[in-house]
Structures are given as C-alpha cells and as structure tokens.
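What follows is a set of notes on a single structure, which appears directly below.
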Amino acid sequence: MRLGLALGYWGRGPDADHVPLAQEAERLGYDSVWTAESWGSDVFTPLTWIAARTSRIKLGTAVAQMAARSPTTTAMHALTLDHLSGGRVLLGLGLSGPQVVEGWYGRPFPRSPLTATREYVDVVRQVLRREAPVRMEGRFHSHPYRGADGTGLGKALKPITHPLRADLPVLLGAEGPKNVEQTTRIADGWLPLYWSPSRPDAYGPALAQLPPGFLVAPMAQVRVCDDVHEGLLPVKTMLGFYIGGMGHATRNFHADLMARMGYEEEARRVQELFLRGRREEAVLAVPDAFADEISLVGPRERIAERLELWRKGPVTDLLALAPDHRTLRVLAELNS
C-alpha cells in the first residue's frame, strides 16, 4: 500500500506548512501529494507551487470540481502541469453537490450525474489522447457547441500542445454504489471520501472484482497522539461540517453515505443539529466509533495494529490527512 499526503484546501488563507510537509513526504518516500478545492482556494495553483519545490512525488487533485471548469479547461490544466512536473499528475475529479454547484458555480446540478460524469471524462480523455478534434454530442457537454443560442460557427479542435501522457491517470470521487460501479469502468482509480476497512459493502458490489491496476485511494485523517478521544475531535469536526453543512437537508451525499455505513440515526441527528446552528453539538453527536473506523488515530502501537486492516482490503494508496511532521514520519516507518 502506497502512501500519499492529502493537504486539502485552504481555510482563511494559505498554510505556510504545506510546502515543507510535501517536501518531507517526498523525503520519506511518500508516493503522492494531493490538494483540493471547495469555494475558496483552487486545486491546481497550490499543486503547481508544490511541483516547483519537489522533484519526484506525484501530484494529485482530490478533487478538481467538474462544475468549476469545462472538461477541456480541466484537461488543459492537467496537461500543462504534467509537462511542467515531468509527468507527475494524477487527475482526480468530482461532481460536488447541488448546494455548491448551484450556489457557488451558478450552474444547474446535473439531473443525471452519472451521464454528466461519463461525458466529462470522455472529453478529458479525448484531449489527452489528441488523436482527433474533440467531438461530443452529449446531454451536458457539446463540442463543438450546437445550442440554439450559439452562432453555429464552432469548430472541432484538438489541443495545440501535445500532452506528455495520453494515459494520464483519471480518478473519480464517487460515493453512491452506482457511481462507484461506473467509476470502475471509466476511470483509472477511485477516491473514497470515507473508507472503513470493515465496511467495503457500503459502496456496493463493484469492489469485488476491480480492473487490473485500478487505484483505490481513500483519504483518512492520521494523528499520532496519546489520547484517542482527543485525537478524534478534528475528525469529528470535519464529519460534522460535511454531514451537517455540505449539502441540503433533503440531499446530502455525505450524510447518505454515513447512513449506509450503519449510522443512519446518528447522521440525521448531526444534520439536524448543524442546520439549526448548534454546530458544537453537531460535532459532539458524531459517534466516536464512526470517526475512529475511518481514521488512524492514537498511539503508534494502535495505529500499527489498525493499519493492518487497511492493507487487507482493496486500498492501493492511503492518502493521509496528516497535520504534522511526526505523524508523517511514524506512518512512513509503519508502512515500510
């Protein structure tokens, strides 16, 4: 199982420790480093900054939001950074949810998410292969554009720049069983948001027979500490925000996933508290058991024991949300 460092997205401003953490991860033998975006910092600029200050570690987006860019724009970002970094890019894509897509990006959330994802990935791959001008007569993506409000003058084009790799890996962030099943067919890998080694069935039957070389790369908060309960608080804070605030009361993919993982009553309680403005109570309502099974928290010996569970399943890459250099080092030692 390879290790990756997940840095997430910025909060109020840039984190001065992100580049040193990425450099330390590279020194320790980590395979990859990953950035993210929500409605603040973008995913590609910090990754480019890191690329210029490292030499070997792979550079992943977990995830680049599809609503933020047309598929050709995303492909341009990926092929540009791939050239500048010497072929180190891993392109992770995700749909996000209706609140972000419609509230932040100002566009409709697709009524058929599977179709929208499939068309998006198809266009990205056409750009990267550069075999012919990009053509797509899709429900959500049209290349050239042929809508009634267009000029009709659009021309099918292929990129001027020759991509460094036609097979640049494309991974998808997917949560629902149908989405996960499609991911195993159209992508090179999958980026689970929450992964419990003891509950792979929560994502459906698609994981039983994965294609050769398929990447399964979940993110997990990792923290070496003496007090497990205290160490789980940042995990619960993240879960409280995602389950309570990253989605509407009637449509929250993260809450639905928690419910499928055996915590339906607790998920709805967290949602209810968060949406009523009782955020601290929402965080405390996240069960320690759930936070614990999707993370690696506690003394070194405890993490070593639980790491064995992660190795036994389909996970190929563990993307560690690790806040400090000590945790990075201990995880590398335990995984060696």
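If you read the sequence from its start, that first residue is 1, and numbering goes on from there. Since this is a predicted model, take the numbers as computed values, not measurements.
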- Query: Below 4.0 angstrom, N of the basic side chain to O of the carboxylate: do Asp292 and Arg302 qualify?
  - Reply: yes
- In this structure, CH2 of Trp39 is separated from OH of Tyr105 (nearest 0.5 Å) by 9.5 Å
- Do the side chain of Thr61 and the main chain of Val63 share a donor and acceptor less than 3.5 angstrom apart? no
- Closest contact, heavy atoms only, Met136 versus Glu119: CE-O, 3.8 Å
- Task: Just say parallel, tilted or perpendicular for the rings of Tyr263 and Phe290, cut-offs at 30° and 60°.
- Result: tilted
- Task: Indicate whether any N or O donor in one side chain lies under 3.5 Å from an N or O acceptor in the other, for Ser295 and Gln221.
- Result: no
- Can you see which heavy atom on Val315 is nearest to which on Trp310, and at what distance? CB-O, 3.9 Å
- Item | Short side-chain donor-acceptor distance under 3.5 Å, Tyr30 and Glu24 | no
- Start with the C-alpha gap between Asp256 and Arg268, add the side-chain angles, then the distance that decides, and say whether salt bridge (Lys or Arg N to Asp or Glu O under 4.0 Å) holds. CA-CA 9 Å; Asp256 293 344; Arg268 303 312 168 199; 3.1 Å; yes
- Message: Given 3.5 Å as the limit, does a donor-acceptor pair link the side chain of Ser41 with the main chain of Trp10, or not?
- Response: yes
- Query: How long is the gap from CG on Leu5 to NE2 on His18, to the nearest 0.5 Å?
  - Reply: 8.0 Å
- For Arg146 and Glu137, run salt bridge (Lys or Arg N to Asp or Glu O under 4.0 Å): C-alpha distance rounded to whole Å, both residues' side-chain angles, the deciding distance at 0.1 Å, then the answer. CA-CA 9 Å; Arg146 299 302 187 203; Glu137 294 183 14; over 6 Å; no
- Query: Any side-chain heavy atom of Thr74 sitting closer than 4.5 Å to one from Met66?
  - Reply: no
- Asn179 side chain to Glu175 side chain, donor-acceptor N/O pair below 3.5 angstrom: no
- Taking only Lys NZ, Arg NE, NH1 and NH2, and the carboxylate oxygens of Asp or Glu, determine whether Glu37 and Arg69 approach each other closer than 4.0 Å. yes
- No-hydrogen, no-angle side-chain donor-acceptor test under 3.5 Å, Arg88 and Thr54: yes
- Message: For a quick check under 3.5 Å, do Tyr145 and Thr151 share a side-chain donor-acceptor pair by atom type?
- Response: no
- Task: Starting at CG of Leu232, measure out to CG of Leu239 and round the result to the nearest 0.5 Å.
- Result: 9.5 Å
- Look only at the side chain of Arg223 and the backbone of Val235, and say whether a donor-acceptor pair between them is shorter than 3.5 Å. no
- Task: Say whether, by atom type as modelled, one donor and one acceptor occur between the side chain of Glu26 and the main chain of Ile57 under 3.5 angstrom.
- Result: yes
- Task: May I ask you to check whether Arg53 and Gln23 show a side-chain donor-acceptor distance below 3.5 Å?
- Result: no
- Message: Arg269 vs Glu265, test: salt bridge (Lys or Arg N to Asp or Glu O under 4.0 Å). Steps then yes/no.
- Response: CA-CA 6 Å; Arg269 179 60 177 162; Glu265 183 178 339; over 6 Å; no
- Option among Phe214, Trp190, Trp195 that satisfies the side-chain contact (heavy atoms from CB on, under 4.5 Å) test with Pro314: Trp195
- Query: Between the side chain of Arg199 and the main-chain N/O of Met261, is any donor-acceptor distance below 3.5 Å?
  - Reply: yes
- Query: Can you check whether Asp324's main-chain N or O pairs, donor with acceptor, with Thr327's side chain at less than 3.5 Å?
  - Reply: no
- Exceeds 12 heavy-atom contacts within 6.0 angstrom, atom CD of Glu102: yes
- Item | Side-chain H-bond candidate by donor/acceptor type, Thr45 with Thr48, under 3.5 Å | no
- Side-chain heavy atoms under 4.5 angstrom apart, residues restricted to Ile, Leu, Val, Met, Phe, Trp, Tyr: same cluster for Leu114 and Tyr120? no
- Message: Please determine whether a side-chain nitrogen of the Lys or Arg among Arg185 and Glu181 lies less than 4.0 Å from a carboxylate oxygen of the Asp or Glu.
- Response: yes
- Query: Roughly how far apart are Leu47 CG and Leu84 CG, rounded to 0.5 Å?
  - Reply: 11.5 Å
- Given side chains that start at C-beta, do those of Val134 and Val123 come closer than 4.5 Å, heavy atoms only? yes
- If Ile, Leu, Val, Met, Phe, Trp and Tyr residues are connected whenever their side-chain heavy atoms lie under 4.5 Å apart, and connections chain through other members, are Trp49 and Tyr9 in the same group? yes
- So, the side chain of His229 versus the backbone of Asp288: is there a donor-acceptor pair under 3.5 Å, distance only? no
- Task: Report the distance from atom CZ of Arg278 to atom CG of Leu284, rounding to the nearest 0.5 Å.
- Result: 11.5 Å
- Could you check Val170, Leu215, Asp167 and say which one makes a side-chain contact (heavy atoms from CB on, under 4.5 Å) with Asp188? Val170
- Message: Between Lys58 and Val89 (side chain of the first, backbone of the second, donor and acceptor by atom type, cut-off under 3.5 Å), is there such a pair?
- Response: no
- Query: Distance-only, no hydrogens or angles: does the Arg107 side chain make a donor-acceptor pair with backbone N or O of Val101 under 3.5 Å?
  - Reply: no
